[in-house]
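Input: a single structure, listed below in C-alpha cells.
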Amino acid sequence: MKAGKDKKALREELVVPASCPHDCGGRCFLKVHVSDGVVTRMETDDTEEPQIRACLRGRAYRKRLYAEARLKFPMKRLGKRGEGKFQRISWDEALDTVANELKRVKGSYGSGSILFTYAQGARGQLHTYGTVVRLLNLFGGYRTRWGGMSAQGAAYACWATYGTLITDESRDGLVNSKLIVLWAFNPAVTVQSPNTTYYLAKAKEAGTRIVCIDPAFNETAAVFADQWIPIRPNTDTAMMVAMAYVIIRENLHDRKFLDTYTIGFDRFRDYVMGGEDGISKTPAWAESITGVPAAKIESLAREYATTKPAALIPSWAPGRTANGEQYHRAAMVLCAMTGNTGIRGGSAAGFGRPPLPFQKLASYGYKAAFPVGENPLSKGAPPASGLDNRPFNRYNVHTPRIWDAIIKGKAGGYPDDFKLFYSVCADPLNQYPNINKGLEALRKLEFIVVHEQMMTPTARYADILLPINTHLERNDIFAPGMPGPYYIFSSKAVEPLYESKSDFEVAAELAPRLGIHDYNDKTEEEWLREIAKGKDLAEYIDDYDSFKSKGIAKKNLPESVIAFQKQIEDPENNPFPTPSGKIEIYSQRLADLNNPKIPPIPKYIEVWESRNDPLSRKYPLQLLTTHPKGRAHSIFYEVSWLRKVEPDVLKINNADAKQRDITDGDEVRVFNDRGETRLRARVTQRILPGVVSMNEGVWYQPDDKGIDRGGSPNVLTRDEPSPGGAFVTNTCLVQVEKV
Ligand SMILES: Nc1nc2c(c(=O)[nH]1)N[C@H]1C(S)=C(S)[C@@H](COP(=O)(O)OP(=O)(O)OC[C@H]3O[C@@H](n4cnc5c(=O)[nH]c(N)nc54)[C@H](O)[C@@H]3O)O[C@H]1N2
Ligand SMILES: Nc1nc2c(c(=O)[nH]1)N[C@H]1C(S)=C(S)[C@@H](COP(=O)(O)OP(=O)(O)OC[C@H]3O[C@@H](n4cnc5c(=O)[nH]c(N)nc54)[C@H](O)[C@@H]3O)O[C@H]1N2
Ligand SMILES: [Mo]
C-alpha cells in the first residue's frame, strides 16, 4: 500500500462489470472487485434466472491477469527461434523493427509474402485481431488462412443443406423437447451457448429423456443422461444412416414434411435401403462399424421418430474428422425425416445459431463491429459459403495447411512464398495439427512477429514479441460466444500492467511508421459509443451510459426463437436459401463437384486412420482431443489453479491399460509417425476400449530430444483437411506405452 494515503479509503472497493472475451461458446458476466488498483476477487451474476453465470475459468481470471507467464515488455529474440531467450527492448525499437520488416518484405517479395494468422483469442466488438487486419489492409494486403478450426464440417454441411448457418432454436427451447439426443455434445464442460445446462436441467425436471452418444462417458452424460450410447469414433454417420433405415422400414418418416420442404429424399432412401450399392444399411450393418448393438440403434430410431418434438443436437467434434461433413448432413436429414426442423422443441441439427441479434451473421467466423476494410489481395475471392473449396486456395491458405504452405510455397501450389509471419490473438503452433511440421515451417521464415499476453509456444518462436494487455485493462463490448439474448459492457478494471498495450494501440502506433495516416480518428470511448449504436446492438442498448455502468443489456425472451419457423409455417412465401428453395437432402451443387468424398446425399464413408486402416496394426488406438474444462483451448494454461481442477491426462480404458501394463497415474508415451508426447494415464471405464482421449490446448513443452513433455496433442494430429475443409483433429491413430 502506498504511504501517506488514508488506509480506509484505499481499502474501499470498486466493483466493475466485465466478462471473459476468449474463444468459448459462453461469454459470461463477471463482477471485478478492485482495491487500490488491484483486482482482489471476482464474482459473477447473482441476479434472477436465467443468470449469465461464469464458470471456473472466468472466476479464476484474477490469476490470469497476474500470471507469471504474462509478457511484460516488448522483446526481441536472442539465440535460436524457439529457444526462449529474449531481450527487453523499448516500444520504439520494437515498433520500428516490425514496421521496417513489413516494408522490407513487402518491397522485396510483395504483399502476398506476408502471412497473417489470427484466431479468436479476444472476441470483443472493438479489441480483436481485426485491429491489425485494418492496418494490414491499409498497408496493401496480406495472405491469410481460410477455413474455421471449430466447425468447417458443420458449416459446409449447413451451406449445402440449408444455405445458411442460422439454423437452430435458442436454448430455452429445450424445455419443450420430449426427447433430447446429445450427439457428442458435452455442454457441462464444452460451453456452446450460455445456459445450455440450465435449460437441460429444466428439461430433465420436466421429464424429458436425455440420450448421450459419445465414445466417452462425458460429464454431461454423467449428470443428465438417461442413456449413454458409446460409439466408435468417426462412425457416427453409419449409426445415423441405420436409424434412417429403421425409420423408413417401419414407415415412421414424415412424408408430408419431406414432400413439402425437402428435395432428394428418394435418392437418400435408395442408398439407405441398398438400392444404390446393394448394401442395406441395417442396424446390423451399422453395429459392425460403430460397435453399437443393433437393438439399441433400432430402439433409438423408433423412439426418435415417434416422440415429438425431439431435439437431436450434434456437436462439432465428430465434424472435426476426416469425413466430418457427412455426419452433419446425415443428422440434418434425420431431423427432416422426423419433421423436427424449424419447430419449437425440435432441432435442425445445424450450425447451432438461432436467429438472434449479432449472430445473424451469414458467414462463419467472428466479425467484430470495428471496421477492418478490404484486403486488396482477396478481391474477387468467392464468398465463404461456396461449396467448391478450390478457388479459396488461390487467395489464401487452408488453415491446417499453413505449415505446409510455408515450407513449400508456390512450388507446392500455394498462392505465395511466405516470408513474414504475423500472429495475433492466436496460438497457431500449439493449436494447428502437426506441431513438428510447424517447427520446421517457423524456422524457415525471415521474420515472425507475435502479439501476445503470455509466453505461449507460438510466442517462443517470435523475433519480436509484443506484450498485449487483457480485457480487464481496457473497455469493450461483448456479444455471447454462441447466441444468447444479451450484450455485456466489460470495463477497464485496472491500468495496463507492466508495459502492455492493446492490439489496437499497437496497430495505431505502427500505422504512421508504415506511412498510413487514416488508421484511426477516435478514442476507445468514441468507438464504443458508435459501436453501441450499430446494427443489432441498438436493439439491446438504449442508453450507452447506463449500459456501461450496469454492464449488461439483456432481454428475457417470451419464448424461444427458432430458425426456419417461417419456412415451415408458410413455405409458399419463404423458401430456404438454397438453389432449390428446399432443404437439400440431395445437393446438385455437391453432385457437380464430382468428388466421391463429398457425395450429393450424405453417406457413411470410412475415414483414413480408421480402426481398419493397415496403419492400425502399428497404431491401434483412436485418439480424441477434447476441449478442456479449465481452459479455452490454450488460454488459461498459465493458471495453475485450473490445471489442478482438471489435470491434463490420457484417458485410457482398463482393458487397453492392462494389455500395456499401465496403471492409473503412470507416465505414458503417446506416439505415432508424426510425434510423441508424454503425460499421466487415467485408467477408466468411462472411455471405450480402443479409444484414448486427451485435452487439447496444453502448451507444447519439448525436452532436448524434441519430445513433448506437456501432453500437447497436436504433435500427433495430421494436417490434412476433410474434403469439405474441416480440421480433422479427432481422426488420429496412436500407440500408447508405459514410459
Ligand atoms: N488437437 C486439437 N487441436 C485443436 C482443437 C481440438 O479440438 N483438438 N480445437 C481447434 C479449435 S475448435 C480452435 S477454435 C482452435 C483455437 O486455436 P487458437 O485460437 O489459436 O487458440 P487459443 O488457445 O484460444 O489462442 C488464443 C491466443 O490468443 C491470446 N490472446 C487472448 N487475448 C488476446 C488479445 O487481446 N490480444 C492478443 N494479441 N492475443 C490475445 C491468448 O493468450 C492465446 O494464446 O484450436 C483448434 N485446435
Ligand atoms: N470449456 C471449454 N468450452 C469450450 C471451448 C474450450 O476450449 N473450453 N472451446 C469452444 C470452441 S472454440 C469450440 S469449437 C467448441 C467445441 O465443442 P465440441 O466440438 O463439442 O468439442 P469437444 O469438447 O472437443 O468434444 C465434445 C465431445 O465429442 C466427443 N467426440 C469426439 N470425437 C467424436 C466422434 O467421432 N464421435 C462421437 N460420437 N463423439 C466424439 C468427445 O468425446 C467429447 O465428449 O467448444 C467451445 N467451448
Ligand atoms: Mo473452436
Side-chain angles (χ1 to χ4, degrees), residues 21-26 55-57 64 69 71 117-124 127-129 131-132 148-151 154 182-187 189-192 212-221 229-236 239 290 314-321 324 327 399 423-433 450-454 456-459 466 468-471 474 481-482 502-504 506 607 622-638 651 687 691 693-697 699 712-714 716-717 727 729-732:
H22 303 305
D23 190 15
C24 157
C55 76
L56 71 171
R57 301 182 290 279
R64 183 167 198 270
L71 301 176
T117 57
Y118 64 92
Q120 324 295 350
R123 295 175 59 132
H127 295 286
T128 65
Y129 68 88
T131 51
V132 182
M149 299 180 270
S150 315
L182 301 175
W183 208 301
F185 188 27
N186 182 20
V189 168
T190 324
V191 180
Q192 274 301 51
C212 291
I213 304 175
D214 198 304
F217 184 63
N218 65 37
E219 291 76 354
T220 309
I229 303 181
I231 185 169
R232 288 182 189 143
N234 300 199
T235 65
D236 306 86
M239 177 161 166
T290 60
S315 97
W316 295 338
R320 291 194 299 278
T321 61
Y327 148 83
T399 311
S423 175
V424 181
C425 289
D427 193 1
L429 180 62
N430 210 59
Q431 294 304 117
Y432 293 177
V450 176
H451 289 210
E452 248 304 346
Q453 297 168 329
M454 305 289 161
T456 63
T458 306
L466 305 179
I468 305 300
N469 56 22
T470 71
H471 70 295
R474 59 201 191 208
M482 283 295 274
S502 69
D503 298 295
F504 186 35
V506 172
V607 294
Q622 290 183 284
L623 173 71
L624 303 180
T625 58
T626 49
H627 288 230
K629 184 190 290 174
R631 294 190 294 275
H633 315 293
S634 70
I635 301 179
F636 294 105
Y637 190 78
E638 55 280 343
K651 291 179 194 147
I687 189 130
V691 184
S693 173
M694 62 170 94
N695 282 338
E696 59 113 29
W699 278 352
S712 188
N714 284 327
L716 302 163
T717 50
F727 257 48
T729 41
N730 283 323
T731 302
C732 181

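Values reported hereafter were calculated over all heavy atoms of this structure, with side chains retained and with hydrogens, waters and symmetry mates removed. Start at 1 and go down the list; that is how both ligands and their atoms are numbered. The first residue of the sequence shown is numbered 1, and numbering continues consecutively from there.
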Inset, instruction - Please work out which of R232, H633, K651 has its closest non-hydrogen atom nearest to atom 7 (O) of ligand 2. - result: H633
Legend entry - Parallel, tilted or perpendicular, as decided by the 30° and 60° cut-offs, for the rings of F636 and H22: perpendicular
Inset, instruction - Could you name the option among M149, H627, Q431 that has the heavy atom nearest to atom 45 (O) of ligand 1? - result: Q431
Inset, instruction - Compute the minimum heavy-atom distance from R123 to ligand 1 and say whether it is under 4.0 Å. - result: no
Inset, instruction - Report the nearest protein non-hydrogen atom to atom 23 (O) of ligand 1: residue, atom name, distance rounded to 0.1 Å. - result: S634 OG, 2.5 Å
Legend entry - Where ligand 2 meets N730 - atom numbers and elements under 4.0 angstrom, heavy-atom basis: 31 (C), 32 (N)
Legend entry - Non-hydrogen atom of A632 closer than 4.0 Å to ligand 2: yes
Inset, instruction - Pick whichever of T729, T470, D23 has a heavy atom sitting closest to atom 14 (S) of ligand 1. - result: D23
Legend entry - Atom indices of ligand 2 within 4.0 angstrom of I231 heavy atoms, with elements: 38 (N)
Legend entry - Proximity flag E696 to ligand 2, non-hydrogen atoms under 4.0 Å: yes
Legend entry - Identity and distance of the protein heavy atom lying nearest atom 33 (C) of ligand 2: P318 CG, 4.0 Å
Legend entry - M694 and ligand 1 - part of the residue with a heavy-atom distance under 4.0 Å: neither
Legend entry - Among A69, A119, P628, closest by any non-hydrogen atom to atom 18 (P) of ligand 1: A119
Inset, instruction - Output yes when the distance from some N or O of ligand 2 to some N or O of P233 is under 3.5 Å, and no in every other case. - result: no
Inset, instruction - Calculate, to the nearest 0.5 Å, the distance between atoms CG and NZ belonging to L624 and K651 respectively. - result: 10.0 Å
Inset, instruction - Indicate, as side chain, backbone, both or neither, the part of T190 found under 4.0 angstrom from ligand 2 when only non-hydrogen atoms are considered. - result: both
Legend entry - Min N/O separation C24 to ligand 2 under 3.5 Å: no
Legend entry - Nearest non-hydrogen protein atom, atom 36 (N) of ligand 2: D236 OD1, 2.8 Å
Inset, instruction - Decide whether an N or O pair under 3.5 Å exists between S150 and ligand 2. - result: no
Inset, instruction - Look at ligand 2 and say whether M482 reaches it with a heavy atom at a distance under 4.0 Å. - result: no
Legend entry - Under 3.5 Å: N/O of A184 near N/O of ligand 2: yes
Inset, instruction - Among all protein heavy atoms, pick out the one at the shortest distance from atom 44 (O) of ligand 2; state its residue, atom name and that distance to 0.1 Å. - result: D214 OD2, 2.7 Å
Inset, instruction - Give the residue and atom name of whichever protein heavy atom lies nearest to atom 35 (O) of ligand 2, and the separation in Å to one decimal. - result: N234 N, 2.9 Å
Inset, instruction - Tell me which part of I213 gets within contact of ligand 2: side chain, backbone, both or neither, using heavy atoms under 4.0 Å. - result: backbone
